[in-house]
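Below is one structure, written out as structure tokens; comments come after it.
Predicted model, so just to flag it, every value in this text is computed and none were measured. Below, all heavy atoms of this structure are taken into account, side chains as well, without hydrogens, waters or symmetry copies. All chains are named by letter (A, B, ...) in the order of the sequence lines, taking the proteins before the strands, and each is independently numbered beginning at 1.
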Amino acid sequence: MAKELPTRKEDYSLWYNELVKKADLAEHSDVRGCMVIKPYGYSIWEKMQQALDKMFKDTGHSNAYFPLFVPKSLFEAEEKNAEGFAKECAIVTHYRLKTDPQNKGKLIVDPEAKLDEELVVRPTSEAIIWSTYKKWIQSYRDLPILVNQWANVVRWEMRTRLFLRTAEFLWQEGHTAHSTADEAVKETVQMLDVYADFAENFMALPVVKGRKSEGERFPGAVDTYCIEAMMQDGKALQAGTSHFLGQNFAKAFDVQFTNKEGKLGYVWGTSWGVSTRLMGALIMAHSDDDGLVLPPKLAPIHVVIVPIFRTDEELAKISEKAQEIAAALRKQGFAVKFDNRDTHKPGFKFAEWELKGVPVRLAIGPRDMEAGTVEVARRDTKEKQVMRLDEVVEKIPALLDDIQTTIYARARTFRSEVTTEVNSYEEFKQVLNEKGGFLAAHWDGTPETEAAIKEETKATIRCIPLDAKEEAGACIYSGKPSTRRVLFARAY
RNA sequence: CGGGGCGUAGCGCAGCCCGGUAGCGCGCCACGUUCGGGACGUGGAGGUCGUAGGUUCGAAUCCUGUCGCCCCGACCA
């Protein structure tokens, strides 16, 4: 049992918060709603970044960087986008402080230093980027533009939670410009596939690919695609979005190009992003009451070696063997930690590395040295087995693969257990309250029905799955005809 | 923005109702014994009690203001 970690059953929300803090992932900062991402947490984010960045580059994208500040006049150019974010924008109005004549040693905003035009701290970068693209694009020869940026954004949320919703967060945002609608739609879908691929294969997180309903669409987008994941408490989490922007931003910023036929037209756009919220998804999808469970592909440390010793002589002997194993594993690209601290006992170390979610732990003691064995413990199932010292190195890659597969399978099984087809509003409400999870139900396609269900049950349409099969049915709320089921859930 | 809670040692908290100059657990430091699932003993260091003012001989405690954070809700690309 992790020291003082509450259980998921007792209080899921508290469990999550305490886990984030106790596993050294992040903590609250002195600024409301903002967090400090600690080195261990940041190293997981870096692994995510590396994997995603490679996938972006493999699909032809390049990184660039645009400013944090957006002049208000640019920000308001795309009306729907501006409206959608207006309520949560931080604004810079002044550019200088001065010493307070009334109060020595204190600073006040210098009223003389008021900006002529306020600057919006970006909640998203479409505005500043499309105003730039206007300068970059004249001809079809300038297209497509395939750019991504890794950045921070600020959204002044009323209520925040570590990683899941913070006032400032880290993300990547891809912004592409194309000469045809068809090409832009393909890009949108391609990036959705990249996200799904990343979630499933790196995070071991099964996701549903789908489109958002009109009510949940990104402001300024024509169509929003998303991947939706299921957490252990039966609530859904939007893990990534990819938007087909149509010509909305091109029109707002007057981005036109001449095509092969010499005709002038507006450029087609996409944008897509995932954020540090993925950290929250990773934690909530796999971890248990003993702490984090990390998929090997994103674990900062794959294998920890804990020596069990009484004397320096014993430690020296074990160290030699441990370093040998560590070196052999590192050569294969694995991150290995040899925890030779003599300030903590083995039991403490076991608990600590479990809390931090290290996938595989090796314990080597005098008995092992004598017998030529090593105890191998896997974090996901807590199973232990004894292996021969001379074959442990060759067995570990397969073990790590198995852990990756096992936690994915476990999450997938859980998701299917909490996904229910419901056929009436009564059944909908009952299942939602007793079991939670995804509810596959018929919907008449109107925003009114969606809003009414949300109002009455707090469940929203997470997405219209791309693979939803055509099936005649009746809307659970209005009884009107429907051609496919959509996924409802309570969500983060 | 509504409701609730909390600011006292690095962390978690008690003390506050009933004012008398601050305590517990963990952690930290030293030494010794321990070490195969979160060790134990002994000794030690560490706090202008969020902040400003008021009442009082005396304030962590009572009063007023103020700042901040967290949780629940509403909201949420």
Legend entry - Protein proximity profile, nucleotides 70-77 of chain B - base contact B, sugar-phosphate-only contact S, no contact -, cut-off 4.0 Å on heavy atoms: SSBBB-BB

Round to a whole Å and report the spacing from [atom1] of [X] to [atom2] of [N].
X: A:Arg341; N: B:G27; atom1: CZ; atom2: P; answer: 14 Å
X: A:Glu27; N: B:C11; atom1: CD; atom2: C1'; answer: 11 Å
X: A:Glu352; N: B:G37; atom1: CD; atom2: C1'; answer: 14 Å
X: A:Lys22; N: B:G38; atom1: NZ; atom2: C1'; answer: 13 Å
X: A:Leu355; N: B:G37; atom1: CG; atom2: P; answer: 19 Å

Inset, instruction - Report the secondary structure of RNA chain B in dot-bracket form, marking unpaired bases with a dot and bases paired to a different strand with |, and treating Watson-Crick or G-U pairs with both distances under 3.5 Å as paired. - result: ((((((((.[[[[.)....(..]]]].((((((.....)))))).....[[[[[..)....]]]]])))))))....

What's the gap between [N] and [M] when it is taken at their [atom1] atoms, as a whole Å value?
N: B:U61; M: B:A14; atom1: C1'; answer: 13 Å
N: B:G38; M: B:G46; atom1: C1'; answer: 25 Å
N: B:U42; M: B:C49; atom1: P; answer: 32 Å
N: B:A60; M: B:U8; atom1: P; answer: 15 Å
N: B:A22; M: B:G15; atom1: C1'; answer: 8 Å
N: B:G54; M: B:C13; atom1: P; answer: 32 Å
N: B:G37; M: B:G50; atom1: P; answer: 43 Å
N: B:G47; M: B:C24; atom1: P; answer: 15 Å

Legend entry - With sequence neighbours excluded, residues passing salt bridge (Lys or Arg N to Asp or Glu O under 4.0 Å) with A:Lys134: A:Asp254

Inset, instruction - Please name all residues satisfying salt bridge (Lys or Arg N to Asp or Glu O under 4.0 Å) with A:Asp233, sequence neighbours left out, ordered by chain then number. - result: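 Salt bridge (Lys or Arg N to Asp or Glu O under 4.0 Å) list for A:Asp233, sorted by chain: empty.
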
Legend entry - Short N-O contact, A:Glu352 and A:Arg341, less than 4.0 angstrom: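 Answer for the salt bridge query: yes.
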
Legend entry - Beyond-backbone contact of A:Tyr133 with A:His175, side-chain heavy atoms, under 4.5 angstrom: yes

Legend entry - Under the ring pair (Phe, Tyr, Trp, His ring centres under 6.0 Å) test, residues paired with A:Phe309 that sit two or more places apart: none

Inset, instruction - Tell me, please, which residues at least two apart from A:Phe169 pass ring pair (Phe, Tyr, Trp, His ring centres under 6.0 Å). - result: A:Trp171

Inset, instruction - Establish whether the base of B:G37 is bridged to the side chain of A:Glu354 by a donor-acceptor pair shorter than 3.5 Å. - result: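 Side chain to base: pair present.
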
Inset, instruction - Verify the ring-centre separation between A:Phe488 and A:Phe428: is it less than 6.0 angstrom? - result: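 Aromatic pair counts; centres sit under 6.0 Å.
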
Inset, instruction - Over all heavy atoms of both residues, which pair between A:Met203 and A:Ala281 is shortest? Give the atoms and the distance, please. - result: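 In terms of heavy atoms, the two residues are closest at CE-CB, 4.2 Å.
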
Inset, instruction - For residues 206-233 of chain A, pull every pair meeting ring pair (Phe, Tyr, Trp, His ring centres under 6.0 Å), keeping only residues two or more places apart or in separate chains. - result: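 Pairs touching residues 206-233 of chain A that pass the test: A:Phe85-A:Phe218, A:Phe218-A:His243.
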
Using atom names, set out every protein N or O paired with an N or O of nucleotides 33-35 of chain B below 3.5 Å, distance rounded to 0.1 Å.
from: B:C35; atom 1: OP1; to: A:Arg310; atom 2: NH1; distance (Å): 3.4
from: B:C35; atom 1: OP2; to: A:Arg310; atom 2: NH1; distance (Å): 2.4
from: B:C35; atom 1: O2'; to: A:Phe309; atom 2: O; distance (Å): 3.2
from: B:C35; atom 1: N4; to: A:Arg310; atom 2: O; distance (Å): 2.9

Legend entry - Residues that A:Thr381 engages under side chain to side chain donor-acceptor pair (under 3.5 Å), provided they are two or more places apart: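 Side chain to side chain donor-acceptor pair (under 3.5 Å) list for A:Thr381, sorted by chain: A:Arg378, A:Glu383.
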
Legend entry - Sequence neighbours excluded, every pair satisfying side chain to side chain donor-acceptor pair (under 3.5 Å) that has a member inside residues 70-79 of chain A: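 Applying side chain to side chain donor-acceptor pair (under 3.5 Å) to every pair that reaches into residues 70-79 of chain A, excluding sequence neighbours, yields A:Ser73-A:Glu117.
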
Legend entry - Listed once per pair and sorted, the side chain to side chain donor-acceptor pair (under 3.5 Å) pairs that draw on residues 31-40 of chain A, sequence neighbours left out: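 Passing the test, one end in residues 31-40 of chain A: A:Asp24-A:Lys38.
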
Legend entry - RNA chain B contacts among residues 374-386 of chain A, heavy-atom distance under 4.0 Å: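 Those residues whose heavy atoms fall under 4.0 Å from RNA chain B, taken from residues 374-386 of chain A in numerical order, are A:Glu375, A:Lys384.
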
Legend entry - A:Lys80 NZ: over 12 foreign heavy atoms closer than 6.0 Å: no

Legend entry - Within 45° cone of A:Tyr492 ring axis and under 6.0 Å: A:Arg161 NZ or CZ: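 That pair does not qualify as a cation-pi contact.
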
